[in-house]
Amino acid sequence: MSLLRGRDAADELCRTLKEKTAATGCRPCLAIVRVGERPDDLSYERAAVKRMSALDFDCRVFAFPAEIGQEEFLAEFQKINADPSVHGILLFRPLPKQLDEAAVVAVLDPAKDVDGLCRENLAKVFAGDPEAFAPCTAAAVMAVLDYAGVELKGCRSVIVGRSLVVGKPLAMLMLNRDATVTICHSKTRDLPAICRQADILVACVGRAGLITGDFVREGAVVIDVGINVDDQGKLCGDVDFTSVEPKASLITPVPGGVGTVTTSVLAAQVMQAALRAVLKK
Ligand code: NAP
């Protein structure tokens, strides 16, 4: 078994990004839009701000009170969206209940949609368009696999989870790279048997320890996207590391796996958005 640490893939991505930034002289700008103070959002925000700062990108945080109304929020969001000095927007979701999330996403400029929320970007991901901004977590899984040199062509990949944020776009990204992909979900019958067929098994469920050793074929690559808190209050993934690790050829840990790569992928997409904006001028 070999441990696939996210930090190594993230470092590699950032090295390339630094070179690109230096070569273009462009200073990308990310706007982070947060409503309220959910701990998950604050934790991702800290990581994103740190990553952008390490790359010398501009990063502006727009934080709004949890009780903000739809009209006021939409007006503020549209100002950020229309600001030509902002190249990419990261909108934390879910938004509080009083806000109409679909209406907000509908006005988000697809050219600034660096976390792949808009239908336009998802359609491009599904069409295999290389210009698409894929949701960062799905793209981070691909970055981890690429860093490790895992060949996707012809391999059998099983993804457990079918959300629009991770499972579905990831399935398309893998299919676009010629993997044979199976998507599983809560109604899938005999999940362990399907998972055992995987050369690459990705868990994006949100159930601590769901994937145990008997779900895994000897030598499979196991990518754990899940972020959960166990009975002892410790962060853990969807994969039961103790029983899976001896069987896997490569395995990502939680914490320290895919989550670590997400902000680097976000930075890469902000850079791309900035370069496209500069070229359009
Ligand atoms: P989600 O929207 O709740 O989707 C969960 C998926 O898992 C659904 O498709 C659901 O099936 C499926 N599922 C639930 N229970 C199952 C079971 N017992 N067997 C098989 N499938 C089951 O969650 P998400 O937003 O995709 O996130 C998934 C996990 O990834 C969470 O732990 C989240 O915290 C983590 N995450 C991590 C990152 C990162 O940067 N590392 C980023 C985003 C999310 P149905 O569709 O049938 O309900």
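Positions are given from 1, in the same order as the sequence printed here. Counting starts at 1 for both ligands and their atoms, in listed order. What you see is a predicted model, and the numbers here were worked out from it, not measured in a lab.
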Worksheet entry | Enclosure of Arg7 CZ (heavy-atom neighbours >12, cutoff 6.0 Å) | no
Discussion item. Counting only heavy atoms from other residues, nucleotides and ligands, does the tally under 6.0 Å from CZ of Arg5 exceed 12?
Written reply: no
Worksheet item: Thr262 near ligand 1, heavy-atom distance under 4.0 Å?
Response: yes
Discussion item. Would Gly167 count as a contact residue for ligand 1, given that I'm defining contact as a non-hydrogen atom of the residue lying under 4.0 Å from a ligand atom?
Written reply: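 The answer is no: ligand 1 sits nowhere under 4.0 Å from a heavy atom of Gly167.
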Just go through [options] and tell me whose heavy atom is the nearest to [atom].
atom	options	value
atom 19 (N) of ligand 1	Val141, Leu164, Leu191	Leu191
atom 46 (O) of ligand 1	Lys168, Arg207, Arg162	Arg162
atom 23 (O) of ligand 1	Val165, Thr260, Val205	Val205
atom 26 (O) of ligand 1	Gly6, Ser163, Ala203, Ala140	Ser163
atom 41 (N) of ligand 1	Val261, Val225, Asp40	Val225

Atom indices of ligand 1, in the order listed, that fall short of 4.0 Å to a heavy atom of [X]:
X	result
Val160	20 (C), 21 (N)
Gly259	40 (O), 41 (N)
Asn228	32 (O)

What protein heavy atom lies closest to [atom]? Include the residue and the distance to one decimal.
atom	answer
atom 27 (O) of ligand 1	Val166 CG2, 4.4 Å
atom 31 (C) of ligand 1	Gly206 CA, 3.7 Å
atom 21 (N) of ligand 1	His185 C, 3.1 Å
atom 42 (C) of ligand 1	Thr137 OG1, 3.0 Å
atom 18 (N) of ligand 1	Leu210 CD1, 4.0 Å
atom 6 (C) of ligand 1	Gly161 CA, 3.7 Å

Discussion item. Does ligand 1 come near enough to Ser186 that some N or O of the ligand is less than 3.5 Å from an N or O of the residue?
Written reply: yes
Discussion item. Quick check: Ile227 and ligand 1, any N/O pair under 3.5 Å apart?
Written reply: yes
Worksheet item: Would Asp199 and Arg217 satisfy salt bridge (charged side-chain N to carboxylate O under 4.0 Å, His left out), going step by step from the backbone distance to the final call?
Response: CA-CA 8 Å; Asp199 301 311; Arg217 189 179 63 71; 2.9 Å; yes
Worksheet item: Have Asp40 and Ser43 got a donor and an acceptor in their side chains that come within less than 3.5 Å?
Response: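 Looking only at side-chain atoms, Ser43 and Asp40 do not form any donor-acceptor pair under 3.5 Å.
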Worksheet item: Could you state the interatomic distance from CG (Asp238) to CG (Asn228), rounded to the nearest 0.5 Å?
Response: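 Rounded to the nearest 0.5 Å, the CG-CG separation comes out at 5.0 Å.
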Worksheet item: For the atom pair CG (Leu4) and CG (Asp8), what is the distance rounded to the nearest 0.5 Å?
Response: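 If we round to the nearest 0.5 Å, Leu4:CG and Asp8:CG are 8.0 Å apart.
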Fill in: Side chain Arg34, main chain Gly36, donor-acceptor under 3.5 Å
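Pair found, side chain donor or acceptor close to backbone of Gly36.
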Practice prompt. Please answer whether the main-chain N or O of Thr252 pairs with a side-chain N or O of Asp224 as donor and acceptor at a distance below 3.5 Å.
Written response: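 No: the side chain of Asp224 does not pair with the backbone of Thr252.
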Worksheet item: What pairs of residues pass the side chain to side chain donor-acceptor pair (under 3.5 Å) test when at least one of them lies in residues 111-127, not counting sequence neighbours?
Response: Asp113-Asn121
Item to complete: Pick one of side chain, backbone, both or neither for how Thr188 approaches ligand 1, counting any non-hydrogen atom pair under 4.0 Å.
Response: neither
Worksheet item: Can you hop from Val165 to Val35 via hydrophobic side chains spaced under 4.5 Å?
Response: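 No, Val165 does not connect to Val35 through the hydrophobic network.
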Item to complete: Could you walk me through whether Phe64 and Glu72 pass side chain to side chain contact (heavy atoms under 4.5 Å, CB included), step by step?
Response: CA-CA 10 Å; Phe64 299 97; Glu72 190 188 349; over 6 Å; no
Donor-acceptor pairs under 3.5 Å, side chain of residues 131-152 to any protein atom, not counting sequence neighbours: which ones?
{"unit_1": "Asp146", "atom_1": "OD1", "unit_2": "Arg177", "atom_2": "NH2", "d": "2.7"}
{"unit_1": "Asp146", "atom_1": "OD2", "unit_2": "Arg177", "atom_2": "NH1", "d": "3.3"}
{"unit_1": "Glu151", "atom_1": "OE1", "unit_2": "Lys153", "atom_2": "N", "d": "3.4"}

